Structure formats: C-alpha cells, structure tokens
Amino acid sequence: MSFQAPKGTYDIVPPASSAWLAVREALALPPRLSGYDYVETPMFEDTALFVRGVGESTDVVNKEMYTFDDRGGRSLTLRPEGTAGVLRAVVERGLHRGQLPVKVWYVGPNFRYEQPQSGRYRQHTQVGVETIGSDDPALDAEVIWLAVEAHRRIGLTKVRLLLNSLGCRDCRPAYRELLQDFLRGLDLDEDTRRRVEINPMRVLDDKRAEVQAQLTNAPLITDHLCGACKEHHDEVRAYLSDLGVHWEDNPRLVRGMDYYVRTTFEFVHDGLGAQSSIGGGGRYDGLMATIGGPDLGGVGFGLGLDRTILAVEAEGLTVGDRSRCDVYVVPLGAAARRRTVTLLRDLRQAGVRSDTAYGGQGLKGAMKAADRSGAAFAVVLGDRDLEQQTAQVKDLRSGDQQAVPLDEVVQRLVQAVQTQTTKENPG
RNA sequence: GUGGGUGUAGCUCAGCUGGUAGAGCACUGGGUUGUGGUCCCAGGUGUCGCGGGUUCAAGUCCCGUCACUCACCCCA
C-alpha cells in the first residue's frame, strides 16, 4: 500500500520551499507596512455563508465546493475564497465598531474541486487584504498599490494590471438588460445561452474566437456607469496615476464572485500558460449586508501564492535564501562531540543559524555536508583542539582557517556572520 | 464534466521496425586515517504505473484500468 497526495494537491518541499516562504513574506510585507492587522479565520465555514456571500450563480458555489456534513449534521464547506470568512469574522467579533476602515491581511489555503492543470490546484494559497467601512476611492487605489508594490519587491516585471468598473446596484441592472438583449441576438451554444440569463457579463470574457468575434459591438459597462460610479472610477484611476501604477482599462474584465461592484482588477502574467491570473480583487459594497452584517462597503484582493511563484520561475528570478545555516560545526572525536552540543546551543541562542553533522560522519563527509548546508563558516573541533581550548574556524568561501579560543568562538562568529551578511546583501 | 499527451533508477530522461535494462545528475565509500567545492576510482537500487491479451520471446504490439500532465470550462 502506498499513498500519494490527493489529486490537485502538492507538497511544498525543499529546495523549492525556501522560495515559497520568501514570496509569501514579500506579498505580506506591503500590507504590514501600511497599517493592516493580521487575521486568521477557520478553513471551513457554514456552507450557507459561501452560498450567500459568493453567490448562487457562480461556478465556485455550483460545482467547486468541498461540502460535507459533520457528525452533528451541520453542513460545512472548505473555504473556496477568503473574503466571505473574513467579513463574517469582522461582523461576529465587532471589529467594525471601532475606527473605520478596518484594514486586515491574511494568508492561507483555499479549496475548490476543479480539474487540475498548470497553475490550477484543488488547494491553493492566497495572501489577501480586506478593507471595510469606507468608499473612498483612495482606498481602492491603496489596495491595488499594495499588490503592485509586492510584485515590484519580488522583482516581477511582466505583470499586467487590468482594471474595470462593474457599476453598482443603481446602474448595473439597466446595463445588464441592455447586454442581455444584445447577447440573445447572437449565435451561441446552449451553455452560453444559459449564462446569458444567469450572468451575462461573464460571456464577455469567453476565450473562444467564434464567441469573441460576435462581441465586437457589445455594449460596455464603462459606457453605462451612473454618475457616482463614473466619478469613483475616474478618481481611482487618478490616484493610480499619482502612484505611478500602470494599468490597462479592460471593460470586459469580469470576475468569478457575484459580490463585486465598481472597482475590479486582475493581475495577469503572460508566462504562465492558460491560468494567467496571479491575483485579483475589487470592491464589494453590499456583501457584508447580505451575510447579515451592517451595510459597510469594502475593497480587497487575493494574490495567488502558487501562481506568483510560477511567475517568479517564468521570469527566471531567484528569491529566498537557499542556505540552511551560516555556521557548520564539524566535531572529531568523542570529547569534541560532547562539546559541540553546548557550542551549538550557544551559537543558536546568539541568533547564529548553525548545524552539525550527526551519525559519526568522517571529517571529509562532514566538510562536504558543511559545504552543502550553505554555511559561510565551518568550525572544526577535534580532541586535539579541545586540549588547547581552541577551535579551527574556516571561512568556506576563501578557504582561510585560523585557531580561535573556544570561549571567543561564539562572539567571533556572530560578528563574522554579520559582516558576511551585509557584504552579500548590501542595503 | 469534456478532449489531447505521458507513465522506465531518488531526479531528468534514452531504449529505432519485439530478442536477457541504460546514461547523466544525486547519494555512499575511497584516492587525501584533521579539511569541503574541481578531478579520478569504486558501489547500490528497478514489481519498466497496474491488469489482461498476442508471441518461442513484450519496456517495445493490442485491450482495459489508474495516475500524472496540458487544454476547454472557470479561477488564484
């Protein structure tokens, strides 16, 4: 009997796991520098929360949810997206009763029952932010900028930002009917005709050429925004210009959740194959009210960690620290081995990443392990050195080696590692 | 849910029209019994995804099945 990871899931293992950590931290850094607090919510919620929040017409709710009954007969669902759960938590814990807007960030897995392919998995991780309780267009711009800034810090250069406004409950219904009238006159297959009735805007970003060819004269939402939505959209774009953010207006950009209104955006990367979206988000005024909370608007995003890493790979970037430690201790002989245990403790307590060879490896093998660990320094400690209360400290980059009194080793290495680090990562 | 491609060593893969299973990398040991990275030598691994069929003989051909993968759909 042997086992493998469930279909559509994968393990994050070395050496790639170091990049995973680094990208996760990089995506989270801009929010942390911008007044966002960390939140964590359950990975499963009441099924009804997602049905109401995400929307009954969405594919996510209709065919992609991992739903099950627990032993108490409750219908629960592994969260397919992050926003609904965070809003539920904000309402339940009363976070909105303080100063507004509430600004939070989070990271964690989402689950959708999909057919896996490149960049699409049944479990994927997103870093997200939600801001609740303000309809200031400057906040829309800030949220977008956070993602742009994260991409910039990582070093990604081939990310495109697509921007649209979906209107609001005042102006969208009229546009929706206009669009439906147009779409009903086209030659479409049965599935698509059904979509025209359920979610007509989704037809606009159909990938098939024969569909797109018929859409050239389709009415566009941006031509039918109400005064307030148009003003909001213009202001968001003005702020983005001020921030030096580049974007492409895409009036056909539609997103998968029903809750989006006004601002919507998506980050796409052209080096990823079919699943090119590495993140997206938008404004969701009205969502909190539909899940039983006060009528506070909000704007947020989800950035796909998995796909961002694919983008990093596609651009040939190296991120993260591949070295496991800075100092590798090589003990020779039984007495030296005993002394190594406390030496390592002292190094680690002093904040020096350090390791040693276990299992009685020979000197040669241990030195080889030191090399592979990525350590900058090796400490060779033999019984011969121990008698003189010294250790041999070797600079593995230059090959220089010198004897250092044992009681000075930790202090000397702390300094040496610091020097090494600033040399390798200036600024 | 629907289509295409691929399953051979830990990893990447070779194996032409059927004839006794291979390379590189990695790993371990040695050359150097107190010194890594380069070099040289030695060493191990295989239910050839699984089941069935054709054949004197199947990694190779046929059928089925499972898994992986890419794409549609949809999304991060």
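If you're wondering where the values come from, they're calculated on a predicted model, not measured in any experiment. We name chains A, B, ... by the order of the sequence lines, and we start the count at 1 in each one.
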Self-check item: Sequence-distant partners of A/Asp383, salt bridge (Lys or Arg N to Asp or Glu O under 4.0 Å), two or more places apart
Solution: none

Exercise. Give one of base, sugar-phosphate or nothing for A/Asp59, where a contact means two heavy atoms less than 4.0 Å apart.
Key: sugar-phosphate

Quiz prompt | Parallel, tilted or perpendicular: ring planes of A/Tyr121 versus A/Tyr10, cut at 30 and 60 degrees | solution = tilted

Quiz item: Is the shortest heavy-atom distance from the side chain of A/Leu146 to the side chain of A/Phe301 under 4.5 Å?
Solution: yes

Quiz prompt | Distance, C1' atom - from B/rU2 to B/rU20, rounded to whole angstrom | solution = 44 Å

Quiz item: Say you pick atom P in B/rA21 and the same atom in B/rC25; how far apart are they, in whole Å?
Solution: 24 Å

Quiz item: Are any of the side-chain nitrogens in A/Arg193 or A/Glu197 under 4.0 Å away from the carboxylate oxygens of its partner?
Solution: no

Quiz item: Considering residues at least two apart in sequence or located in another chain, which fulfil the salt bridge (Lys or Arg N to Asp or Glu O under 4.0 Å) criterion with A/Asp346?
Solution: none

Quiz item: What nucleic acid atoms does A/Lys394 come within less than 4.0 Å of, heavy atoms only: base, sugar-phosphate, or nothing?
Solution: base

Quiz item: What are the 5'-most and 3'-most nucleotides of RNA chain B lying under 4.0 Å from any heavy atom of chain A?
Solution: B/rG1 to B/rA76

Quiz item: If we take the C1' atom in both B/rC40 and B/rC50, what is their distance in whole Å?
Solution: 43 Å

Practice problem: Establish, for the pair A/Arg122 and A/Phe111, whether the NZ or CZ atom is under 6.0 angstrom from the six-membered ring centre and no further than 45 degrees off its axis. | Solution: no

Acceptor/donor pairs from residues 35-44 of chain A side chains to any protein atom, 3.5 angstrom cut, sequence neighbours excluded:
residue, atom, partner, partner atom, Å
A/Tyr36, OH, A/Glu142, OE2, 2.7
A/Tyr38, OH, A/Glu40, OE1, 2.4

Quiz item: What does A/Ile278 touch in the nucleic acid at a heavy-atom separation under 4.0 angstrom: a base, only the sugar-phosphate, or nothing?
Solution: sugar-phosphate

Quiz item: At under 4.0 Å between heavy atoms, what does A/Lys368 touch on the DNA or RNA strands: base, sugar-phosphate, or nothing?
Solution: sugar-phosphate

Quiz item: Base, sugar-phosphate, or nothing: which does A/Tyr121 touch, judged by heavy atoms less than 4.0 Å apart?
Solution: base

Exercise. In whole angstrom, give me the gap between the P atoms of B/rG18 and B/rU55.
Key: 16 Å

Practice problem: Taking atom C1' in both B/rU32 and B/rG15, compute the distance separating them and give it to the nearest angstrom. | Solution: 39 Å

Practice problem: Scan A/Asn110 against the nucleic acid and name what it touches under 4.0 Å (heavy atoms): base, sugar-phosphate only, or nothing. | Solution: nothing

Practice problem: Can you tell me, in whole Å, how much space there is between the C1' of B/rU60 and that of B/rG4? | Solution: 22 Å

Practice problem: Indicate, with a heavy-atom threshold strictly under 4.0 Å, whether A/Arg384 touches base, sugar-phosphate, or nothing. | Solution: base

Exercise. Kindly express the pairing pattern of RNA chain B in dot-bracket notation, using | wherever a base pairs with another strand and counting only Watson-Crick or G-U pairs under 3.5 Å.
Key: (((((((..((((.....[..)))).(((((.......))))).....(((((..]....))))))))))))....

Quiz item: Considering only the C1' atoms, how many Å lie between B/rU17 and B/rC74, rounded to the nearest integer?
Solution: 45 Å

Exercise. Please identify each residue that fulfils side chain to side chain donor-acceptor pair (under 3.5 Å) with A/Asn110, with sequence neighbours left out.
Key: A/Arg79

Self-check item: Beyond-backbone contact of A/Arg307 with A/Arg120, side-chain heavy atoms, under 4.5 angstrom
Solution: yes

Quiz prompt | Same-atom distance (C1') from B/rG44 to B/rG36, integer angstrom | solution = 24 Å

